[in-house]
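Note sheet for the following structure.
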Amino acid sequence: MFDREVPRGLCWRACNVHLWLLFAVCSCLLSASITASGQLADNQTRGFGNNQNIIFTYLQNFDCVDQPTLDLNFNGRLAQSDPAEMQTPICQPVTEPTQDPAGKNIAKTAHLYVLVPMFSTDNDQNANDAMPCSNGGRPGELCGAALGAELIKLFGFVPEAWKTHPRVPTQCPDPNHRVPGTCTMHASSVDLSVTLHALGKTGPPTAPIFLPTPNHDHVVDNGFLTTPPIWWEVRPVLVLDQSDWPDPDANRGITSSDKMDAAEAAGRAIEVGSNFFLFFKSELLSHVH
């Protein structure tokens, strides 16, 4: 009875039904993975642009540009005569070089706006809520309770930007890199000395003030939603009002450069440049398979 041949038409229909079901299941799983994880691979993160979700694919490491006549460590010696300044990256908001890592005039470099949540949803007064250093951090880096105490002193609370467990959704840390202060192909610490001085929180810098890289989101200009791999200048945007913080589905908050500009004009956000650059390509999430 097992030798009876199955009609070819019936076999063709049955096989196609099975293939169709397999394809449907795989498609659903892939769709669920994209939605739930917020990224497609270990070297990818989400971003926003023109009120849409986009995906960044990083193809090499970050670069924090130091030029011969800069003095990023404030020791009174220009970088061209200070070999020690070349031995560790100093990623410094506000300070801008004249060229990006490819040697191109920075005025022609694409912008990656990094949204930093400089508010607290609960007026957090617990210094222990501040994030620890990744892998111990670098010498002198402010982390953990010491970081929390300093943030409370400077801002009156621990901002969501430096909480180990922020109370708002962020794209970095990402689902595949959940260690606070980290994100794929990013620096794990930043020098906030110039920023704090610009905000009137401290005097002129005399040395770097290293903190873990803050929790953050990304926004690109409307014309850069689909872009081949290039260098992008990181432009930190300090978001001061919780109502401007975006939700993961881009339904509200700052999810475009237009909305970011409006928040800045209203005094609810502050944008600065930096010497920090990332190298990646961007694609609309709906176009990623």
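Heads up: numbering here begins at 1 and tracks the sequence. Since we're looking at a predicted model, the values are computed, not measured.
Of the inter-residue distances, the one linking Asp217 atom CG with Cys172 atom SG reads 8.5 Å to the nearest 0.5 angstrom. Put simply, SG on Cys64 and CG on Leu72 are 9.0 Å apart, with the number rounded to the nearest 0.5 Å. Atoms CG and CD1, from Leu196 and Ile209 in turn, are 5.5 Å apart once rounded to the nearest 0.5 Å. Separating the NE2 atom in His186 from the OG atom in Ser134 is a distance of 13.0 Å, to the nearest 0.5 Å. Within the model, atoms OG1 of Thr184 and CZ of Phe62 stand 11.5 Å from one another, a figure rounded to the nearest 0.5 Å. Note that the CH2 atom of Trp245 and the CZ atom of Arg167 stand 15.5 Å from one another [nearest 0.5 Å].
Residues Trp232 and Phe277 keep their aromatic ring centres 6.0 Å or farther apart. Taking the six-membered ring for Trp, Phe56 and His218 have ring centres closer than 6.0 Å.
Hydrophobic clustering, with ILVMFWY side chains joined whenever heavy atoms are under 4.5 angstrom apart, groups Met260 together with Val168. One hydrophobic cluster holds both Leu199 and Leu154 under the rule that ILVMFWY side chains link at heavy-atom gaps under 4.5 Å.
Between the Ser274 side chain and the Val234 main chain, a donor and an acceptor come within less than 3.5 Å of each other. Put simply, the side chain of Gln125 never gets that close to the backbone of Ile152: no donor and acceptor are under 3.5 Å apart. Of the possible polar contacts, none joining the Ser256 side chain to the Asn51 backbone as a donor-acceptor pair under 3.5 Å is found. Side-chain atoms of Thr227 do not come within 3.5 Å of backbone N or O of Ser282 as any donor-acceptor pair. A donor-acceptor distance shorter than 3.5 angstrom exists from the side chain of Asp100 to the backbone of Ala102, with no hydrogens or angles considered. Side-chain N or O atoms of Thr226 include none that pairs as donor or acceptor with a backbone N or O of Glu283 at under 3.5 Å. Judged purely by atom type and a 3.5 angstrom limit, Glu271 has no side-chain atom pairing as donor or acceptor with the backbone of Glu264. Here the side chain of Glu141 pairs a donor or acceptor atom with the backbone of Arg138 at under 3.5 angstrom. Between the side chain of Ser188 and the backbone N or O of Pro212, no donor-acceptor pair lies under 3.5 Å. Remark: side-chain polar atoms of Asn50 are not paired, donor with acceptor, to backbone N or O of Gln52 under 3.5 angstrom.
A donor atom on one side chain and an acceptor atom on the other are not found under 3.5 Å apart for Asn275 and Asp66. Using modelled atom types and a 3.5 Å distance limit, the side chains of Ser193 and Asp191 yield a donor-acceptor pair. Residues Gln80 and Thr69 bring no donor and acceptor atom of their side chains to less than 3.5 Å of each other. Between the side chains of Gln44 and Thr57, at least one donor N or O lies within less than 3.5 Å of an accepting N or O. Side chains of Asn73 and Asp82: a donor-acceptor N/O pair is present below 3.5 angstrom, by distance only.
The environment of Asn135 atom CG is sparse: at most 12 non-hydrogen atoms of other residues, nucleotides or ligands sit within 6.0 angstrom.
Electrostatic pairing of Asp174 and Arg46 does not count as a salt bridge here, judged by no charged N lying under 4.0 Å from a carboxylate O. Of the charged side-chain nitrogens involved, none lies within less than 4.0 Å of a carboxylate oxygen, so that Asp71 and Arg77 do not count as a salt-bridged pair.
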*Step by step, work out the side-chain contact (heavy atoms from CB on, under 4.5 Å) result for Phe48 and Val220.*
CA-CA 7 Å; Phe48 298 114; Val220 299; over 6 Å; no
*What do the steps show when you test Gln242 against Asp244 for side chain to side chain donor-acceptor pair (under 3.5 Å), and what is the final call?*
CA-CA 5 Å; Gln242 182 181 348; Asp244 288 313; over 6 Å; no
_Using the rule given for side-chain contact (heavy atoms from CB on, under 4.5 Å), can you reason through Gln92 versus Phe276, listing the C-alpha separation, both sets of side-chain angles and the distance that settles it, and then say yes or no?_
CA-CA 7 Å; Gln92 202 171 86; Phe276 191 178; over 6 Å; no
*Please test Phe157 against Leu151 for side-chain contact (heavy atoms from CB on, under 4.5 Å), starting from the C-alpha separation and ending with a verdict.*
CA-CA 6 Å; Phe157 49 79; Leu151 290 170; over 6 Å; no
*Just do the salt bridge (charged side-chain N to carboxylate O under 4.0 Å, His left out) check on Asp122 and Lys163 with the steps written out, would you?*
CA-CA 12 Å; Asp122 57 354; Lys163 286 187 182 181; 2.9 Å; yes
*Kindly indicate, with the supporting measurements, whether the criterion salt bridge (charged side-chain N to carboxylate O under 4.0 Å, His left out) is fulfilled by Glu96 and Arg235.*
CA-CA 10 Å; Glu96 284 186 281; Arg235 296 188 62 83; 3.2 Å; yes
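Looking at heavy atoms from C-beta onward, Pro228 lies out of side-chain contact with Lys281 at the 4.5 angstrom threshold. You'll find the side chain of Val194 reaches within 4.5 Å of the side chain of Phe74, heavy atoms only. Residues Gln171 and His216 have side chains not in contact (no heavy-atom distance under 4.5 Å, counting atoms from C-beta outward). You'll find the side chain of Val158 stays beyond 4.5 Å of the side chain of Ser120, heavy atoms only. A heavy-atom distance below 4.5 Å is found between the side chains of Met185 and Asn61. Residues Ile55 and Thr45 form no side-chain contact, since every pair of their non-hydrogen atoms from C-beta on lies 4.5 Å or further apart. Between Gln67 and Thr98, some side-chain heavy-atom pair lies under the 4.5 Å cut-off. Residues Val179 and Pro173 form no side-chain contact, since every pair of their non-hydrogen atoms from C-beta on lies 4.5 Å or further apart.
A ring-ring contact (aromatic ring centres under 6.0 Å, His included) with Tyr58 is found for one member of Phe280, Trp231, Phe279 and no other, namely Phe280.
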Please tabulate, one pair per line, all N/O donor-acceptor pairs under 3.5 Å involving side-chain atoms of residues 110-119, not counting sequence neighbours.
residue	atom	partner	partner atom	Å
His111	ND1	Tyr113	OH	3.2
Tyr113	OH	Asp221	OD1	3.2
Tyr113	OH	Asp221	OD2	3.1

